[in-house]
There are 2 protein chains.
Amino acid sequence: MSTAIKCMPAMSEAMKKQCEEEFRRLCREKGVPYTTQRRAVLHAVLELGNHPTAEEVCSSAIVRNAGVSRATVYRALESLARLGAVIKVGHGGSAIRYDGRIELHHHLVCLRCNAITDIASAGLDSTPVPDTSEFGFFVKDFRVQLSGLCRRCRTDNPKLH
Amino acid sequence: MSTAIKCMPAMSEAMKKQCEEEFRRLCREKGVPYTTQRRAVLHAVLELGNHPTAEEVCSSAIVRNAGVSRATVYRALESLARLGAVIKVGHGGSAIRYDGRIELHHHLVCLRCNAITDIASAGLDSTPVPDTSEFGFFVKDFRVQLSGLCRRCRTDNPKLH
DNA sequence: TTAAGTGCAAAAGCTTTGCGGGTAG
DNA sequence: CTACCCGCAAAGCTTTTGCACTTAA
């Protein structure tokens, strides 16, 4: 009854490029200013790859070299998320994480270390999205979150509660 | 292709009772001390109902009357989550939210106001959980998150980006 | 008895905001 | 030209921690 999943390899340069173009398109479409700073922030999220926090984006070389301030990073991440150029990832930790991968995919979330792993699964992708019109809720996106324990956490400390 | 969903009514007293007993059972099973403070914290989460934050739990009458300190609330919520007596809910906001409903269910998350709505859906429940053994990942739980815009946010501000 | 939990208060970490000046459209 | 964005620095909110004391098992 279980379907196969695949680990998702790091994004290729071509994919990153495509994400950046998509961002440009979204800006035009929604009339949102396409600024150097936001470009740098998106670029950093894509380079960092592993669901960085806002702080990690702030300290990335890309953002530092571009001289983007902390406040701007937070504001830019928020606009990117609203535009749909990045995704906010919920997990158990105390800092919001951002995901530059906007294609449909899913997450393994470790309940102990809060690590997030992207997975691809045709089975999960074909989840029938229910009709939420009764609630007046407009669904933009869905994602399946599998919570549990990652290999490292199981190995490091087998006695867990 | 869309399946039906149902809004989940507030937990009945009987269900809350059952959650509290389940907590007691988990404590015994895992050898975790069953303290007054943790009991009060779980009780508050169940009474508050709507995915409260740690701060909301701190200021609930139940916890205040029991004289439980802020630090203990945070520590108790963490242990309850590890035990599986509550669930941490990921969303876009800057404070972790806790859910006392541990039966299988799913969430609507508003991208603007971060409101979380519990939904029941047989279609989503029957999602085929993929085999993650290749990753050494042990799945304890899964949940589908539908992100989008809630009725109020669509009405209040139709021009959104 | 003893490992673990608790309260207090302080520190640390994360995010938002006001304001004067700058920039994309 | 104008609405929106940016940097700075400060404030605000959320979470964690060290230590002495208390408690469940």
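The chains referred to below are lettered A, B, ... by the order of the sequence lines, with proteins before strands, and numbering in each begins at 1.
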Does a side-chain N or O from [X] land closer than 4.0 Å to OP1 or OP2 of [N], or not?
X	N	result
B:Arg38	C:dG5	yes
B:Ser69	C:dG7	yes
B:Tyr74	D:dT15	yes
A:Thr35	D:dC6	yes

Please work out whether the ring planes of B:His106 and B:Phe142 are parallel, tilted or perpendicular, with thresholds of 30° and 60°. tilted
What integer distance in Å separates [X]:[atom1] from [N]:[atom2]?
X	N	atom1	atom2	value
A:Glu56	C:dG13	CD	C1'	13 Å
A:Glu29	C:dA24	CD	C1'	18 Å
B:Arg70	D:dT15	CZ	P	10 Å
A:Phe23	C:dA24	CZ	P	13 Å
B:Leu83	C:dG5	CG	P	10 Å
A:Arg39	D:dC5	CZ	C1'	13 Å
B:Leu42	C:dG5	CG	P	16 Å

Among D:dT15, D:dG7, C:dT6, the one nearest any side-chain atom of A:Gln37 is D:dG7
Does the ring of B:Tyr34 carry B:Arg28 above it, NZ/CZ under 6.0 angstrom from centre and within 45° of its axis? no
Can B:Arg38 be said to sit on top of B:Phe23's aromatic six-ring, NZ or CZ under 6.0 Å from centre and within 45° of the ring axis? no
Heavy-atom neighbours of B:Arg64 CZ exceed 12 at 6.0 Å: no
Assess whether atom CZ of A:Arg101 is packed by more than 12 heavy atoms of other residues, nucleotides or ligands within 6.0 Å. yes
Using a 4.0 Å heavy-atom cut-off, does A:Ala76 contact any base of the nucleic acid, only the sugar-phosphate backbone, or nothing at all? nothing
When all nucleic acid strands are considered with a 4.0 Å heavy-atom cut-off, which category describes B:Glu55: base, sugar-phosphate, or nothing? base
Identify whether B:Leu48 and B:Val63 are in the same connected component of the hydrophobic contact network (ILVMFWY, side-chain heavy atoms under 4.5 Å). yes
For DNA chain D, which residues of residues 92-102 of chain B approach it to below 4.0 angstrom with any heavy atom? B:Ser94, B:Ala95, B:Ile96
Measure from the ring center of B:His51 to the ring center of B:His107 and say whether it is less than 6.0 Å. yes
Please evaluate the base of D:dG7 for a donor-acceptor partner in the side chain of A:Arg75 within a cut-off of under 3.5 Å? yes
Relative to the 5' end of DNA chain D, which residue comes earlier, B:Cys27 or B:Ala54, by the nucleotide with the nearest heavy atom? B:Ala54
